[in-house]
Enquirer: 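Attaching a single structure in structure tokens format; questions to follow.
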There are 2 protein chains.
Amino acid sequence: MWFILYGMMLDKEKRIQEFIEACKGMGLKITPQRVAVYEVLLNREDHPTVEDIYNEIKKKYPFVSLATVYRTVETLEELGFVKKVAYWGGSIRYDANTSDHHHLICVQCGAIRDVEFRINWEPPERMEGYRVLNYSLHIYGVCPTCQAKEN
Amino acid sequence: MWFILYGMMLDKEKRIQEFIEACKGMGLKITPQRVAVYEVLLNREDHPTVEDIYNEIKKKYPFVSLATVYRTVETLEELGFVKKVAYWGGSIRYDANTSDHHHLICVQCGAIRDVEFRINWEPPERMEGYRVLNYSLHIYGVCPTCQAKEN
DNA sequence: CAGTATATTGAAAATCATTAGCATGTGGTT
DNA sequence: AACCACATGCTAATGATTTTCAATATACTG
């Protein structure tokens, strides 16, 4: 197992380096706040809200403010390091997994998980006049935790 | 063309009747507000927010209040006459098209259109412990209007 | 390595979307 | 027509996000 964990660690380090490079490229300053936000997102498998990120960051870096987390997450999205995940209601959720994947969404509690599988469909370049960029399959259902509560 | 328009009109009338029946069945009262909200949703091809619905209703029925539109839209969703549409940020959007279809979403302005086509994929009953209910393909791109602004 | 310009931050206030509380009004039933 | 429970309108409350602005820290320059 050690090589997997080691590989993941390297991968995260690499991504943080890429983020730092991207900031430099855009003339953005490298601040501990920016790095901390991206670090938290890279270490989470779920899809935290800004509030979630803020709460986790405060443990390690109590100096970071909520407004900064909002701003940083926005920056990360513009640079393509995280994606917003669609969900009706509640807060926006963020995902540092920018590879192609789909989402499993709990209609009760809003929990969102990534699922990796391929569908046999490729988006056309254009559709109804839209210039197509990407797509994602949203699968709605009831998560195990909420199923357990159903009684 | 007359027969298509006439058919659509009948269809909308029929849906309103179905809604009225459904309300009776659930012991809900038939109020002009409830009917007005569903009427607006049936007449729109786009995916209005609650605010949008409210503004349109006020023209014809100035007595309706915003809180009631929120409540009614919730009722319509519970009875299965409209669906919420996922979108990151801004307001929740509603869709009176409850048939299987997918969504084309503009990443610039948030405009959402229905697109009807089939993908060669059927959801499994269960997935990662979730009890699967339904799914929808979200295709992100830039709408014609926003493309026109790009210069 | 200090000095400086400027982007970034924290804190609080402002804004926007949505929900809740409560007094009043109305649909549907007798 | 009268009654009663549910629905509505208004307003205040809540929650999420954005903005403002003074204070601060980064990265550049000499």
Enquirer: Rounded off to whole Å, could you give me the NZ-to-C1' distance for the A/K24 and D/dA27 pair?
Expert: 10 Å

Enquirer: Where each residue is assigned the nucleotide of DNA chain D containing its nearest heavy atom, which of A/R71 and B/L66 is assigned the position nearer the 5′ end?
Expert: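 Its nucleotide being nearer the 5' end, the pick is B/L66.
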
Enquirer: Expressed as a whole number of angstroms, how long is the span from A/R34:CZ to D/dA27:C1'?
Expert: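 Value for this atom pair: 13 Å.
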
Enquirer: For the atom pair CD1 (B/I30) and CD1 (B/I16), what is the distance rounded to the nearest 0.5 Å?
Expert: 12.0 Å

Enquirer: Need one value for A/Q33: base, sugar-phosphate or nothing, where a base atom within 4.0 Å counts as base even if backbone is also close, heavy atoms only.
Expert: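 Sugar-phosphate, backbone atoms only, no base.
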
Enquirer: Starting at atom CD1 of A/I20, determine the distance to atom C1' of D/dA27, rounded to an integer number of angstrom.
Expert: 14 Å

Enquirer: Where the side chain of A/F63 is concerned, which of C/dG10, D/dT26, D/dG9 is the nearest nucleotide?
Expert: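 Output: C/dG10.
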
Enquirer: Going through the distances and angles, do A/Y94 and A/D52 end up as a side-chain contact (heavy atoms from CB on, under 4.5 Å)?
Expert: CA-CA 10 Å; A/Y94 290 87; A/D52 294 335; over 6 Å; no

Enquirer: Mark yes or no for a side-chain to base donor-acceptor pair under 3.5 Å between A/K29 and D/dA25, with no hydrogen or angle criteria applied.
Expert: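 Checked by distance alone, the answer is no.
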
Enquirer: Side chain to side chain donor-acceptor pair (under 3.5 Å) with B/Y61: which of B/E39, B/Q33, B/E56?
Expert: B/E39

Enquirer: Between B/R113 (side chain) and B/C106 (backbone), is there a donor-acceptor pair under 3.5 Å?
Expert: no

Enquirer: Starting from P on C/dT9, measure out to NZ on A/K58 and report it in whole angstrom.
Expert: 18 Å

Enquirer: Taking atom P of D/dT18 as reference, at what distance in whole Å does atom OH of A/Y54 sit?
Expert: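 Answer to the nearest Å: 17 Å.
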
Enquirer: Using every non-hydrogen atom in the two residues, find where B/S136 and B/H103 come nearest and quote the distance to one decimal.
Expert: OG-ND1, 3.7 Å

Enquirer: Between A/T31 and B/L28, which is nearer to the 5' end of DNA chain C once each is assigned its nearest nucleotide?
Expert: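 Closer to the 5' end of DNA chain C: A/T31.
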
Enquirer: Which whole-number value in Å describes the distance from B/M26 CE to D/dA7 C1'?
Expert: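 Between C1' of D/dA7 and CE of B/M26: 16 Å.
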
Enquirer: When the distance from CG of A/N55 to C1' of D/dA16 is rounded to whole Å, what number comes out?
Expert: 14 Å

Enquirer: Measure CD/B/E74 against P/C/dT19 and give the value in whole Å, please.
Expert: 7 Å

Enquirer: Phosphate oxygens OP1/OP2 of D/dG9: is one of them under 4.0 Å from a side-chain N or O of B/S65?
Expert: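 For D/dG9, OP1 or OP2 has a side-chain N or O of B/S65 closer than 4.0 Å.
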
Enquirer: Hey, is the side chain of B/Y70 poking within less than 4.0 Å of OP1 or OP2 on C/dT18, counting only N and O atoms?
Expert: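 For B/Y70, the contact criterion (side-chain N or O under 4.0 Å from OP1 or OP2 of C/dT18) is met.
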
